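Here is the structure we will look at, set down as structure tokens.
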Amino acid sequence: MKAIVTRFAPSPTGTLHIGGVRTALFNYVYAKQNNGKFLIRIEDTDTERSTKEYEKNILDNLTSIGLEPDEDPINQSERNEIYLKAAEKILQSGNAYWCDCSQEELEEMRKAQTATGKKPMYDGRSRNLGLERSDKTVLRLATPENGEIIVKDLIRGEIIFNNNELDDLILLRSDGSPTYHLCNVVDDYEQKVTTVIRGEDHISNTPRQIHIQNALGYPELEYAHLPLVLGTDKKRLSKRNAATSLEEYREKGYLDSAILNTLARLGWSQGENDVFYMNDLIKEFNIKDVQKAGAIFDITKLDWLNSQHLANLSLESFKEQLQPFLQALEINIEDHEKSDQLIEAMRTSDNTFSGIAKSLIPYYKDINEYDEKAIEKFISDKSILEELKVLLNGLDDWNQDNIDNILKNYQSEKGLSVPAVNQPIRISLTGSTKSPGLGLTLFLFGKNKSLERISNLLSYLS
RNA sequence: GUCCCGUUCGUCUAGAGGCCUAGGACACCGGGUUUUCAUCCCGGCAACAGGGGUUCGACUCCCCUACGGGAUGCCA
């Protein structure tokens, strides 16, 4: 079996897109499970829209999320001579010709074709003119006029295109620069790529690229066209219908492993499992099992998967990764005496790090706001809080069990419901009705701070 | 218009002619965990785009229609 080489070939015209991450992931996994190589190629031939900033963003993000290439990435913008040489070779072999049709002429031609119900495509009018190169000519590939081309796709099977549906595409622009199709084909060959895994929007490009390969005498490639990632409007995922930048998800506190997991499950599944880590994917993934239809990116699935991945983290690792989110809130995790217990108690309070960090605020900072609705609902009688304050103040051994006993005894002696006793305390401590078990919560706050906050609420109420 | 790809619960999917009274997961709804939020557990709701064939039998095979997407660029 020959060594598999895959590649991810982004255009640096924006930050790393979540759909791009998925394409890169499938390329990476496919290469790794075959002991092959995963490569990156920057397709920056569109000098108008490509920037170095975007390129850096893409490369940095791919690496940090774990999709590191096995060789240094190459830039198409630096490889002009190679493409020119290839173009020359095609020209010499008689599979290309110079064409001097102007943009206007082509436009007119297409208009006429459309008007007569024909498919708009270049009709090859310059093909046999034997034109010389000039500053007005483009180099076109002489596509075979008859026969068909069969694309063998790992996911879709054989896709057949009639050659007469394909027109003579441009290899070199009139300014002498190579086009996407040429660069793409040449680089896949130069990088010794064996398998092209890309979005299904490239399906119809494939027969064209195969013709270029043929003209150059390159070997056949293996293809797999992935279904697209869609937004909730069933349209291709874009800035308009969702957050598309990988960074945005990381900043919200989603784990890299959860993002990758979610992306992998978009279009692929294995058994009745939903939680996969990279090594699972490398073991279980099969490109042939990939779905053919586009998949909608559902944030609630990411939320859930993130909670699963979060739960699998050790406390140490959890704390470490939570750190930056606390820092953003100017919270130092060690400022709490029992930070380990606190974090352990709070780690399921939200699905994301940013949400968890936010819910930790009352444990580190003063409360400057109370949930008014909760006050209205649970505090009709201040005397409950006042009496509890006295009882708690009398407790010398401040531990969870003792605290719970005080609360329980008070509740049964007074014949009150649990919420009637507990919620006012919760509101005192956290400003809301949310917290872990109350005995634990009071313990975590410590005696002094607990009493102080009860006093604060009492004075706030009067 | 033409060519190509696609179409199972709201969403991600299982299903390769009988195992399907179509399974799982998320979401949602209800219940439980000595009655907070969350976690966790249990239960419920909910789909084969439509029409023709082929077959003893079709979600599965074929054809047509509808709908969605892509291509039809001197963009990638």
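Every chain is numbered from 1, with letters handed out A, B, ... down the list of sequences. Worth saying up front: this structure is predicted, and the values here are computed from it rather than measured.
On the C1' atoms, U55(B) is 10 Å away from C61(B), given to the nearest whole Å. For the C1' atoms, the distance from C26(B) to G53(B) is 38 Å, rounded to whole Å. Separating the C1' atom of G15(B) from that of U8(B) is a span of 9 Å, rounded to the nearest Å. Nucleotides A22(B) and C9(B) are separated by 14 Å at their P atoms, to the nearest Å. Annotation: A58(B) and G51(B) have their C1' atoms spaced 15 Å apart (nearest Å). Across A49(B) and G69(B), the matching C1' atoms stand 16 Å from one another, rounded to whole Å. U13(B) and A27(B) have their C1' atoms separated by 14 Å, with the value rounded to a whole Å. C4(B) and C41(B) are spaced 49 Å apart, taking the C1' atom of each and rounding to whole Å.
Here the side chain of K119(A) is nearest to one of U72(B), G23(B), U39(B), namely U72(B). The side chain of P120(A) lies closest to G1(B), out of A76(B), U36(B), G1(B). Of the listed nucleotides (G70(B), U72(B), G24(B)), G70(B) has the atom at the smallest distance from the side chain of S204(A). Distance from the side chain of R426(A) is smallest for U36(B) among the nucleotides U36(B), C5(B), C74(B). Comparing C74(B), C26(B), U36(B) by their closest approach to the side chain of W304(A) singles out C26(B). For K292(A), taking side-chain heavy atoms from C-beta onward, the closest of the listed nucleotides G68(B), A76(B), G6(B) is G6(B). Closest to the side chain of V138(A), from the set G69(B), C4(B), C74(B), is C74(B). For I203(A), whose side chain is taken as the heavy atoms from C-beta onward, the closest listed nucleotide among U36(B), C5(B), A76(B) is C5(B). Listed nucleotides A38(B), C40(B), A76(B) differ in distance to T348(A); the shortest reach to its side chain belongs to A38(B). Here the nucleotide nearest the side chain of R140(A), chosen from G70(B), C74(B), C3(B), is C74(B).
Looking at heavy-atom distances under 4.0 Å, E48(A) makes no contact with the nucleic acid at all. Residue C101(A) is in base contact, counting any heavy-atom pair closer than 4.0 Å across all strands shown. Residue R110(A) is classed as a sugar-phosphate contact, given heavy-atom separations below 4.0 Å to backbone atoms only. Among the heavy atoms of the strands lying under 4.0 Å from T45(A) are primed sugar atoms or P, OP1, OP2 only; no base atom is included. At a threshold of 4.0 angstrom between heavy atoms, the contacts of Q308(A) are confined to the sugar-phosphate backbone, with no base atom among them. Among the heavy atoms of the strands, none lies under 4.0 Å from N273(A). Counting non-hydrogen atoms under 4.0 angstrom, H202(A) reaches a base of the nucleic acid. In this structure, P207(A) reaches neither bases nor backbone, as no heavy-atom distance under 4.0 Å exists between it and the strands shown. Residue contacts for D46(A): at a heavy-atom cut-off of 4.0 Å it reaches the sugar-phosphate backbone alone, with no base atom in range. Within 4.0 Å (heavy atoms only), R347(A) reaches no atom of the nucleic acid at all. Note on I160(A): only backbone sugar-phosphate atoms sit closer than 4.0 angstrom, heavy atoms only; bases stay farther off.
Phosphate contact (OP1/OP2 of G69(B), side-chain N/O of K235(A), threshold under 4.0 Å): present. Between R173(A) and C75(B) there is a side-chain N or O to OP1 or OP2 distance below 4.0 Å.
Relative to the six-membered ring of Y254(A), K252(A) misses at least one condition, a distance below 6.0 Å or an angle of at most 45° to the axis. For the pair K338(A) and F443(A), the cation sits on the ring face: its NZ or CZ lies under 6.0 Å from the ring centre, inside 45° of the axis. For the pair R41(A) and F8(A), the cation-pi criterion (under 6.0 Å, within 45° of the ring axis) is not fulfilled.
No donor-acceptor pair under 3.5 Å is formed between the side chain of S380(A) and the backbone N or O of E376(A).
In this structure A22(B) sits in no base pair that meets the Watson-Crick or G-U test at under 3.5 Å. Nucleotide C37(B): unpaired (no Watson-Crick or G-U wobble partner with both distances less than 3.5 Å). Using Watson-Crick or G-U wobble geometry with both donor-acceptor distances under 3.5 Å, U54(B) finds no partner in any strand shown. Base pairing annotation: C28(B) forms a Watson-Crick or G-U wobble pair with G44(B), both donor-acceptor distances under 3.5 Å. Pairing partner, G1(B): U72(B), with both Watson-Crick or wobble hydrogen-bond distances short of 3.5 Å. Shown here, A66(B) forms a base pair with U7(B); the pair counts as Watson-Crick or G-U wobble because both key distances fall under 3.5 Å.
Taking OG of S432(A) as the start and CD1 of I427(A) as the end, the distance is 8.0 Å to the nearest 0.5 Å. Rounding to the nearest 0.5 angstrom, the gap separating the CE atom in M121(A) from the CG atom in N164(A) is 7.0 Å.
Aromatic pair Y363(A)/F445(A): ring centres closer than 6.0 Å. Taking the centre of each ring, Y223(A) and Y30(A) stay at or above the 6.0 Å mark.
Computed from coordinates, the Y363(A) OH to A38(B) C1' distance equals 11 Å when rounded to whole Å. Between the CG atom of L182(A) and the C1' atom of C75(B) there is a distance of 15 Å, given to the nearest Å. Rounded to a whole Å, the CZ atom of R156(A) is 21 Å from the P atom of A16(B). Between Q209(A) atom CD and C75(B) atom P there is a gap of 16 Å when expressed in whole angstrom units. As rounded to whole Å, 7 Å separates atom P of C75(B) from atom CD1 of I170(A).
Each of E272(A) and E158(A) lies near RNA chain B, and the nucleotide nearest E158(A) is the one positioned closer to the 5' end. Place R236(A) and V418(A) on RNA chain B by their nearest nucleotides, and V418(A) ends up nearer the 5' end.
A salt bridge links D201(A) with R236(A): the closest approach of a Lys/Arg side-chain nitrogen to an acidic carboxylate oxygen falls below 4.0 angstrom.
Below the 3.5 angstrom threshold, one finds no donor paired with an acceptor across the side chain of S11(A) and the base of A76(B). At a cut-off of 3.5 angstrom, the base of A38(B) holds no donor-acceptor pair with the side chain of D350(A).
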Report each atom pair, protein N/O against N/O of nucleotides 10-13 of chain B, whose distance is under 3.5 angstrom.
unit_1: C12(B); atom_1: OP1; unit_2: I296(A); atom_2: N; d: 2.9
unit_1: C12(B); atom_1: O2'; unit_2: R265(A); atom_2: O; d: 2.7
unit_1: U13(B); atom_1: OP1; unit_2: G267(A); atom_2: N; d: 2.3
unit_1: U13(B); atom_1: O3'; unit_2: S269(A); atom_2: OG; d: 3.1
unit_1: U13(B); atom_1: O2'; unit_2: S269(A); atom_2: OG; d: 3.0

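The aromatic rings of Y218(A) and Y189(A) sit parallel, their planes meeting at an angle under 30°, below the 60° perpendicular limit.
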**OP:** Just do the side-chain contact (heavy atoms from CB on, under 4.5 Å) check on Y97(A) and S126(A) with the steps written out, would you?
**Re:** CA-CA 8 Å; Y97(A) 60 92; S126(A) 301; 4.1 Å; yes
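For the residue pair T206(A) / R198(A), a side-chain donor-acceptor distance below 3.5 Å is found, with atom types taken as modelled.
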